[in-house]
Engineer: 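Please see the structure below; I have some questions.
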Amino acid sequence: MSTPHKRITKARDGQEKYERPNKNNSKEYKKSRDKKLKANLKRMDREYAQTISNAAATDYLLPESSGYMETEEEMEKTFRVKQREIVKDVDVSTANKALDLKLNEFGPYYINYNRTGTHLLMAGRKGHVAAMDWRKGELRAELFLNETCHAATFLQNEQFFAVAQKKYTFIYDHEGVELHRLKQHVDARHLEFLPYHYLLATAGESGWLKYQDVSTGTLVSETKTKLGATTAMTQNPWNAVMHLGHSNGTVTLWSPSMPDPLARLLSARGPINSIAIDRSGYYMATTGKDKSLKIWDIRNFQELHTVENLPTPGTNVSISDTGVLAVSRGPHVTLWKDALRRGKAARPCFGSMGGNPNRNTPYMTHMFPSNEINNMKFVPFEDLLGIGHEKGMTNLIIPGAGEANYDALEVNPYETAKQRQEQEVRSLLDKLPADTITLDPNTLGTVDKTASTTRLSAKDLATITIGAEKTKKENMDIPSVKVDVKGKNSGLRSFLRKKTQNVVDERKVRVQKQLEKEKTLRQRKTKIHNNEISEDHKDLVDEALGRFS
Amino acid sequence: MKIKTIKRSSDDYVPVKSTQESQLPRNLNPELHPFERAREYTKALNATKLERMFAQPFVGQFGHGHRDGVYMIAKNYNNLNKLASASGDGVIKYWNMSTRQEYASFRAHYGLVTGLCVTPESLSKNKNENFMLSCGDDKTVKLWSVNNDDFSNVRSDDEVTTQGLIKTFDGEHAFQGLDHHRSKPTFVTGGAQIQLWSTERAKPLSNLSWGADNVTTVKFNQNETDILASTGSDNSIVLYDLRTNSPTQKIVQTMRTNSICWNPMEAFNFVIANEDHNAYYYDMRNMSRALNVFKDHVAAVMDVDFSPTGDEIVTGSYDKTIRIYKTNQGHSREIYHTKRMQHVFQVKYSMDSKYIMSGSDDGNVRMWRSKAWERSNVKSTRERNKLEYDEKLKDRFRHMPEIRRISKHRYVPIVIKKAQEIKNIELNSMKRREMNERRTAKDKPFVPQRKQQIVGTVFKYDEKRRRRNIDDEEEDVDSD
């Protein structure tokens, strides 16, 4: 037998980042008398600590560092820096990424990036759809559809994309060949693709939320929101729950397996304009037509910050991988750092109000003169914010907005065609079933501890069932004689009616007798009421004969 | 103003030459890996399905097998690919396991070969030399040489060959069971008496018998090399110590023990195959109860063998199946059977614990994988990592209903299934009866499952233990 040796796990700095949310961290098992179980759980705890420590140790192997913009003097403000100054300051390769496409004819443009951030999809309202490798400047597909296009999204990779058109939603391949017309998705205005479940979710004018499985082609679920047209939609990347915004100011959370929303939040006093959720699934930001901006902690559904009375209503909101919050109003874009935190100092503000250091002043701002922003998306793994507007699209450089270190086995911006194909096969093998979408993605494989408490204990169950038996046995369930009710409404009468008609048993006879008694008492009462007999009248003959009945 | 943006040069990530591997940087931040639990579960489910898909336990049979039932198989503890087998017609064969062909084959005894073992390599002068010892009903023990070159021309067991026969030991009774000492040139035989022999002497060195009954199997401990276990036809298990040349412990069970195997990693534990359909795991330091009971067979267990890792055992049974158990679990994790395999009399693990050899009544020596889905080809690092990862995932999610259902599912012959059902009904009725009896007779003692098979022990283990505890307490008091 090997001698048990105690391994001491080194706790490292920055280890919290790698900790998994664990509801069951009580050490209750130490009380358990089951030695095998105890040893097993202890070993698991030890392995977990070791894994976390090892993961934290890889921190300094990360090859890239994230961007930043810092002031050197007190009077300098980061939000005063113009884009053209930034372009001058940064290196050539980043400056080249500040794409600015002037497309005056078919705007306003809806833009979207694929998961690796290499490809850009643009859908002009007047029917111009283009997919391109924007880093290389290669156009992959260009379509002039001659009908209104509202939204577009890439599917599992850049090989397929879906476009929400005037009536139906269509799926095109990388060359722009129409593959499918999704005739069940009528009047879609918002498209979201859930990459791990292979689901395309649509919502729009019809007020229906529909999920289409793009790997099998089946419609997984369709739900009526019963809240009119959907004004905003986004997915929670952490648990794949869909957040829909409605014109009455509520935000509803949906899972394809449930007919009702998982949660409803009242987030504005007018229609919701836009919703954004950060990648950890902790925070949600919404803007409404009532000029409000709200930031929610969606772990416990509490409001963190409320900004009422924006100068104009915020039309779009977006949150980057590092937690930079971007809000657009008409031609303006405003960005805040650290807005997703509790406390007054984190509340987003527009000005410094005389240099108050405890205010969260904007990190950056930008304005498109005589233009209007249609939508905006942060580019994955880049310090860029893509903006689709009336006159084309623009990439703004936002230092410190992107995740610097990607995981090549998850999403690889530099993947080759071969790697992309292999990744597709792998992700199809690991496709998650649609009905596993829940608020807590870690419920799978856990034991529902509440089940035993909601269940009745054997003792309680016995008192209920045996009690019912007992009342029946002692004829407690036969209604009592009531003189006041009319004969038709007598409880005894309805009890008799419920009993089998053609069987005369002891209980039936008993009830019939009771009914008879009730009848005579009732008749006597009416007689007293009509002053035919006195209250203490005793029919001696009846009493004498009564003993024979 | 200091401005810096992410500067990712594609030269660092995209391979420049076609021979270069592309960079695959990792970032273990859990935020980049959503649905970790759900995805791992899906992977575990797929891995379990693949495991069942690749489960092909049967590798093949050895040569053309024997002409009679195979009642003895002996491993060569020093060599991975050598195996000896003996059959009911007195023929012994020595096999090459990698080619599954025989090296040598002799007609050794008149009648049944009842004992067989390969002597340890350290006893021979040159490295490639191997000896076999066999005993039979014809009152002889024979020592054979199985050098490759000696028998290259002998391929037939039709004639009695004297080639290779080195020595014959004559005994006074028919022998049953034979085993060689791990390092010393001594061996032990069972039968009417249990006798200790030296390879250099013609007569036995000593007689170890305790009680007058027949000894059916003898087995040396391979770690504590002077400890020896035997089973008798009086349902007893006796342990001997050669250093004092005397028996040390004895227990009697309700039914006969067919075979014994010592745990190769924990020298004090051994497992026995019993006639009552079970195998029992004992600790020689306290034989008043079994450490574990291995159930599931529906007929007598004929042989049992430990995996060299010491955490699994294989059993062969008269119900024509082979089962594999983990030592810390009571039910089998695997059942092997084929249409043509008859009552299994011998099962042995190979010395790398990857294969199982079985000898059965139908005269064939069969080779099985100990893990039905495992393949022993050379694997690339990626493949190996994937398999290790899958094993871990399967283990982690093994309690999930879907995964458990798939991994537990086995096709079992209808005969055995039926027998299992009947046996369950019988056992349940016995249990119910006992429970009813206890309801009326309150003083009826409760006997745990692990003690039920024991009729009696020579030592009173329980009392001894209690006394020791009392002693400890007294000592504590003294020290205070």
Side-chain angles (χ1 to χ4, degrees), chain A residues 1 17-20 36 55 58 62-72 76 78 81 85-86 89-91 93-94 196 237-240 279-281 321 381-383 397 399-400 402-416 419 429-433 436 441-442 444-445, chain B residues 1-15 18 20-47 49-50 223 263 265-269 310-311 328-329 382 386 392-393 395-403:
Chain A
M1 270 176 106
K17 193 168 76 176
Y18 298 95
E19 297 275 4
R20 306 301 198 270
K36 266 187 203 170
T58 63
L62 296 175
E64 304 288 343
S65 57
S66 54
Y68 55 82
M69 178 154 64
E70 280 169 3
T71 54
E72 284 166 316
E76 270 186 335
T78 51
V81 181
E85 292 167 29
I86 294 176
D89 258 25
V90 296
D91 58 313
S93 63
T94 312
Y196 295 101
W238 183 244
N239 55 16
R279 69 169 182 192
S280 61
D321 282 348
F381 310 115
E382 297 283 0
D383 277 342
I397 298 174
E403 170 66 54
N405 294 293
Y406 64 89
D407 191 311
L409 300 190
E410 191 81 47
V411 178
N412 187 358
Y414 291 101
E415 71 189 353
T416 58
Q419 282 170 332
L429 281 173
D430 297 343
K431 190 183 101 172
L432 306 179
T436 57
N442 287 330
L444 197 86
Chain B
M1 189 69 58
K2 282 198 287 189
I3 301 177
K4 183 196 166 283
T5 55
I6 298 168
K7 265 183 278 180
R8 225 182 269 123
S9 167
S10 61
D11 298 348
D12 296 345
Y13 296 98
V14 180
S18 61
Q20 254 175 339
E21 286 281 327
S22 53
Q23 280 285 331
L24 295 174
R26 301 298 313 275
N27 186 351
L28 301 179
N29 189 346
E31 286 183 8
L32 287 169
H33 306 274
F35 308 107
E36 188 180 51
R37 179 83 65 84
R39 282 159 73 195
E40 285 200 333
Y41 169 73
T42 320
K43 280 179 191 166
L45 186 63
N46 287 343
K49 286 177 184 170
L50 282 178
N223 294 336
N263 187 330
M265 302 306 277
E266 294 160 11
F268 41 82
N269 290 342
D311 55 4
N328 53 6
Q329 289 170 1
R382 273 174 75 184
K386 163 82 167 59
K392 188 76 190 166
L393 286 179
D395 181 55
R396 189 171 168 209
F397 290 98
R398 68 184 184 280
H399 297 301
M400 296 295 286
E402 183 79 355
I403 289 178

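Every chain is numbered from 1, with letters handed out A, B, ... down the list of sequences.
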Engineer: Within the distance-only criterion (no hydrogens, no angle test), does the side chain of A:Asp89 pair as donor or acceptor with the backbone N or O of B:Ile3 below 3.5 angstrom?
Structural biologist: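 No.
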
Engineer: Please confirm whether the backbone N or O of B:Leu32 pairs with a side-chain atom of A:Arg279, one donor and one acceptor, at under 3.5 Å?
Structural biologist: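 No; judged by distance alone, with no hydrogens or angles, the pair does not exist.
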
Engineer: Can you list the steps and then say if A:Glu403 with B:Asn27 is a side-chain hydrogen bond (donor to acceptor under 3.5 Å, both in side chains)?
Structural biologist: CA-CA 10 Å; A:Glu403 170 66 54; B:Asn27 186 351; 3.3 Å; yes

Engineer: Got a second to check how far B:His33's NE2 is from A:Leu409's CG, nearest 0.5 Å?
Structural biologist: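 Output value for this atom pair is 8.0 Å.
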
Engineer: Kindly determine whether B:Lys7 and A:Val90 satisfy side-chain contact (heavy atoms from CB on, under 4.5 Å), including the steps that lead there.
Structural biologist: CA-CA 10 Å; B:Lys7 265 183 278 180; A:Val90 296; over 6 Å; no

Engineer: Using a 3.5 Å distance criterion without hydrogens, assess whether the side chain of B:Arg39 forms a donor-acceptor pair with backbone atoms of A:Tyr196.
Structural biologist: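 Judged by distance alone, no pair lies under 3.5 Å.
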
Engineer: What distance separates A:Tyr414 OH from B:Ser22 OG, expressed to the nearest 0.5 Å?
Structural biologist: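 Atom-to-atom, A:Tyr414:OH and B:Ser22:OG are 13.0 Å apart.
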
Engineer: Does A:Tyr18 reach the side chain of B:Leu28, with side-chain heavy atoms less than 4.5 Å apart?
Structural biologist: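 Yes, side chains in contact.
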
Engineer: Parallel, tilted or perpendicular: which fits the ring planes of A:Tyr406 and B:Tyr13, with parallel below 30° and perpendicular above 60°?
Structural biologist: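 It falls in the tilted class, 30° to 60°.
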
Engineer: Under 3.5 Å, side chain of A:Asp430 to main-chain N/O of B:Lys43, donor-acceptor pair present?
Structural biologist: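 Such a contact is absent between A:Asp430 side chain and B:Lys43 backbone.
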
Engineer: Heavy-atom distance under 4.5 Å to chain B: side chain of A:Ser65, backbone, both or neither?
Structural biologist: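 When you check distances to chain B, atoms from both the backbone and side chain of A:Ser65 fall under 4.5 Å.
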
Engineer: State, yes or no, whether a side-chain contact exists between B:Arg37 and A:Arg20 at a heavy-atom distance under 4.5 Å.
Structural biologist: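 B:Arg37 does not reach A:Arg20 side chain to side chain.
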
